[in-house]
Q: 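Shown below is the structure under consideration.
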Number of protein chains: 2
Amino acid sequence: MADQKIPQVTAKRLPLYYRYLEKLHAIGKQRVSSAGLADALQIDPATIRRDFSYLGELGKKGYGYNVTYLLQFLRDFLKQDEVTNVVLIGVGNLGTALLRYNFYRSHNTKIVAGFDQDVSKVGTEIDGIPIFAMDRLSEVLALHHVEVAILTVPASVAQATTNFLVNAGIRGILNFTPARLNAPSNIRIHHIDLTVELQTLIYFLKNFPAEEDVNDFTLNSDGDD
Amino acid sequence: MADQKIPQVTAKRLPLYYRYLEKLHAIGKQRVSSAGLADALQIDPATIRRDFSYLGELGKKGYGYNVTYLLQFLRDFLKQDEVTNVVLIGVGNLGTALLRYNFYRSHNTKIVAGFDQDVSKVGTEIDGIPIFAMDRLSEVLALHHVEVAILTVPASVAQATTNFLVNAGIRGILNFTPARLNAPSNIRIHHIDLTVELQTLIYFLKNFPAEEDVNDFTLNSDGDD
DNA sequence: GAGTTTTTGTGATGAAACGCACAAAAGTGC
DNA sequence: GCACTTTTGTGCGTTTCATCACAAAAACTC
């Protein structure tokens, strides 16, 4: 209903709002203004109001936003009451950490199974999550209605694994490998590239020392060097 | 010559180019065109050419880019021959995985120490990286000239830890906690919010089935989410 | 070495997002 | 209930980034 066309950036901020509203609700706060949210989340208040305005007129002038109402609205909008099952492919260091990360408690996302080709891992459990061999994938996907996979395999097998996943019916991949994955255009892939993030941070530090606002990424190299 | 004003997005793509060029170089490829890079990296060739054009005229018309030259140029530009030491704060699941991740082999970034307040962890090593108590922080930072910290503590202590880090002289933070950190404006903070990434992926899947844009490697770094 | 092909670098245009600034509405105080 | 304050929702200018499209240059072909 609500969604016409929400800018991508907005969609990315909604979970942030949601999370903070949960916090406010937990401490019993009744109302919050865009300025209040802005302070806490370090997002411009106008941006926040604009974001909400895509969803409807959720606030009241001179008052702000009712925490409970807004929280409930976002919960519905983000379908936070439906549990989304996901699988994790590649039970290495990072994969294991993510299995233990427990997305479920705070967000209704549940890793229902891990997959690995290492036979010594198959059959074990990590934090109650069973580890299967890859050939059980289709079966598990069907059983738990899984459409999303977290990919934490070595880069060298990332593409082959992706092909396999797509074939098995996966529609969204959260890719932690540095590989650029090729997939049909209806498959949604988000990349989290840890080394790029680290390198970029270091690059900015080295090249633009002691500059503007934390939030501000304008890069003017005030001619030293 | 090189850096005047490089768009933030470009700076984020440079490590990508660098990594792929390394690969090309390793297999003995002499030249590459923006179209070739585009195919491999799933970035529009015009975007790639524009990115490089910020650094200078690195290609030759009718030829493309010389792999060795471009690689060397980027190596210099990204200061890939200098090792950057970083520390990791919070040796939990994720922290441990990152300690083992070995950024060093592929990129000249080295985690020289982990910190945790859990006394049972202090004094141990993970993959050869020693774990210290927080009160040794300043000492270690000074010894290894560290200015960057990876933050993998629980969200509840993220802000306090940040204050401590800033105080000790840290200038860049790669924040894996969901907390929005407050810090002086000269401190650079990049956020990697795993749950937001996962939730956003799921949101897009649920709401825009079968859409465009396989390639979305946006990550959030505070404002730049 | 003339003609054809490839490919860059960039001007121009478009698209997405940001954030200022303000009217309008609602709340607050006396 | 009147004056003042707060705060939203949004029109609009600005900024940032992506991409088209093409002249110019270099490379390739025969």
Side-chain angles (χ1 to χ4, degrees), chain A residues 2 4-14 16-17 29-39 41-67 69-70 73 200 204 212-220, chain B residues 1-2 4-14 16-17 29-39 41-67 69-70 73 200 204 208 211-225:
Chain A
Q4 314 232 26
K5 182 96 174 231
I6 290 173
Q8 289 222 5
V9 277
T10 296
K12 257 188 166 160
R13 283 189 293 257
L14 293 181
L16 247 40
Y17 300 141
K29 260 210 156 241
Q30 306 280 324
R31 56 185 273 194
V32 66
S33 67
S34 60
L37 289 168
D39 273 358
L41 301 175
Q42 296 166 30
I43 298 171
D44 187 276
T47 299
I48 294 177
R49 292 199 299 277
R50 173 91 52 197
D51 282 346
F52 290 155
S53 81
Y54 291 119
L55 313 184
E57 306 210 353
L58 306 177
K60 249 193 284 189
K61 307 194 181 194
Y63 177 86
Y65 301 88
N66 178 290
V67 171
Y69 175 74
L70 186 54
F73 188 94
T200 306
F204 281 130
E212 65 273 290
D213 196 289
V214 181
N215 284 321
D216 185 337
F217 269 60
T218 326
L219 310 176
N220 43 23
Chain B
M1 34 147 203
Q4 294 248 26
K5 191 157 184 181
I6 292 181
Q8 180 223 148
V9 278
T10 296
K12 251 183 169 164
R13 282 189 293 258
L14 294 181
L16 247 40
Y17 300 142
K29 261 208 156 239
Q30 305 279 324
R31 55 185 275 196
V32 66
S33 66
S34 60
L37 289 168
D39 273 358
L41 300 175
Q42 297 167 29
I43 298 171
D44 188 278
T47 299
I48 294 177
R49 293 199 299 278
R50 173 89 55 196
D51 281 347
F52 290 156
S53 81
Y54 291 119
L55 314 183
E57 305 212 352
L58 305 177
K60 246 193 289 190
K61 306 192 181 196
Y63 176 86
Y65 301 89
N66 177 291
V67 171
Y69 175 74
L70 187 54
F73 187 94
T200 306
F204 279 125
F208 310 103
E211 267 247 44
E212 19 63 66
D213 204 351
V214 177
N215 169 38
D216 168 4
F217 55 100
T218 22
L219 267 191
N220 40 12
S221 348
D222 37 41
D224 73 18
D225 276 31

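In what follows, every chain begins at residue 1, and chains take the letters A, B, ... in the order their sequences are listed.
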Q: For a quick test of reading the model: is some side-chain N or O of R13(B) closer than 4.0 Å to OP1 or OP2 of dA18(D)?
A: yes
Q: Where the side chain of Y65(B) is defined as all heavy atoms beyond and including C-beta, which of dT10(D), dA26(C), dG9(C) is the nearest nucleotide?
A: dG9(C)
Q: Can you tell me how far P of dA17(C) sits from CD1 of I43(A), to the nearest Å?
A: 14 Å
Q: Give the rounded distance in Å between these two atoms: CG of L55(B) and P of dG9(C).
A: 10 Å
Q: Nearest to the side chain of P7(B), which nucleotide is it out of dC17(D), dG19(C), dA21(C)?
A: dC17(D)
Q: Looking only at the side chain of S53(A) (C-beta and beyond, no hydrogens), which of the listed nucleotides dT8(C), dG9(D), dA18(D) gets closest?
A: dG9(D)
Q: For dT6(D) and K61(A) - does any side-chain N or O of the residue sit under 4.0 Å from the phosphate oxygens OP1/OP2?
A: no
Q: So, OP1 or OP2 of dT7(D): does either fall under 4.0 Å of a side-chain N or O from R31(A)?
A: yes
Q: Closest heavy-atom contact between I48(A) and S34(A)?
A: CD1-O, 3.8 Å
Q: Is T47(B) near enough to dT19(D) that one of its side-chain N or O atoms lies under 4.0 angstrom from OP1 or OP2?
A: yes
Q: Side-chain N or O of S34(B) less than 4.0 angstrom from OP1 or OP2 on dT8(C)?
A: yes
Q: Where the side chain of Y63(A) is concerned, which of dG27(C), dA18(D), dT8(D) is the nearest nucleotide?
A: dG27(C)
Q: Side-chain contact, heavy-atom cut-off 4.5 Å: R13(A) with L41(A)?
A: no
Q: Which whole-number value in Å describes the distance from N66(A) CG to dA26(C) C1'?
A: 14 Å
Q: Tell me: CZ of R50(B) to P of dT13(C), nearest whole Å?
A: 13 Å
Q: Could you check if a side-chain atom of F204(A) sits within less than 4.5 angstrom of a side-chain atom of K12(B), using non-hydrogen atoms only?
A: no
Q: For Q8(B) and dC17(D), is the shortest distance between a side-chain N/O and OP1 or OP2 below 4.0 Å?
A: yes
Q: Without decimals, in angstroms, what is the distance between L41(A) CG and dG19(C) C1'?
A: 17 Å
Q: Rounded to the nearest Å, what distance is computed from the NZ atom of residue K12(B) to the C1' atom of nucleotide dT16(D)?
A: 14 Å
Q: Please report, rounded to the nearest Å, how far the C1' atom of dA15(C) is from the CG atom of D44(B).
A: 14 Å
Q: Closest heavy-atom contact between D44(B) and A38(B)?
A: C-CB, 4.3 Å
Q: Measure from OH on Y54(A) to P on dG11(D) and round the result to the nearest Å.
A: 11 Å
Q: Between I6(A) and L55(A), is any pair of side-chain heavy atoms under 4.5 Å apart?
A: yes
Q: Taking only the side-chain heavy atoms of R49(B) (C-beta and beyond), determine which of dT10(C), dA18(D), dG19(C) contains the nearest atom.
A: dT10(C)
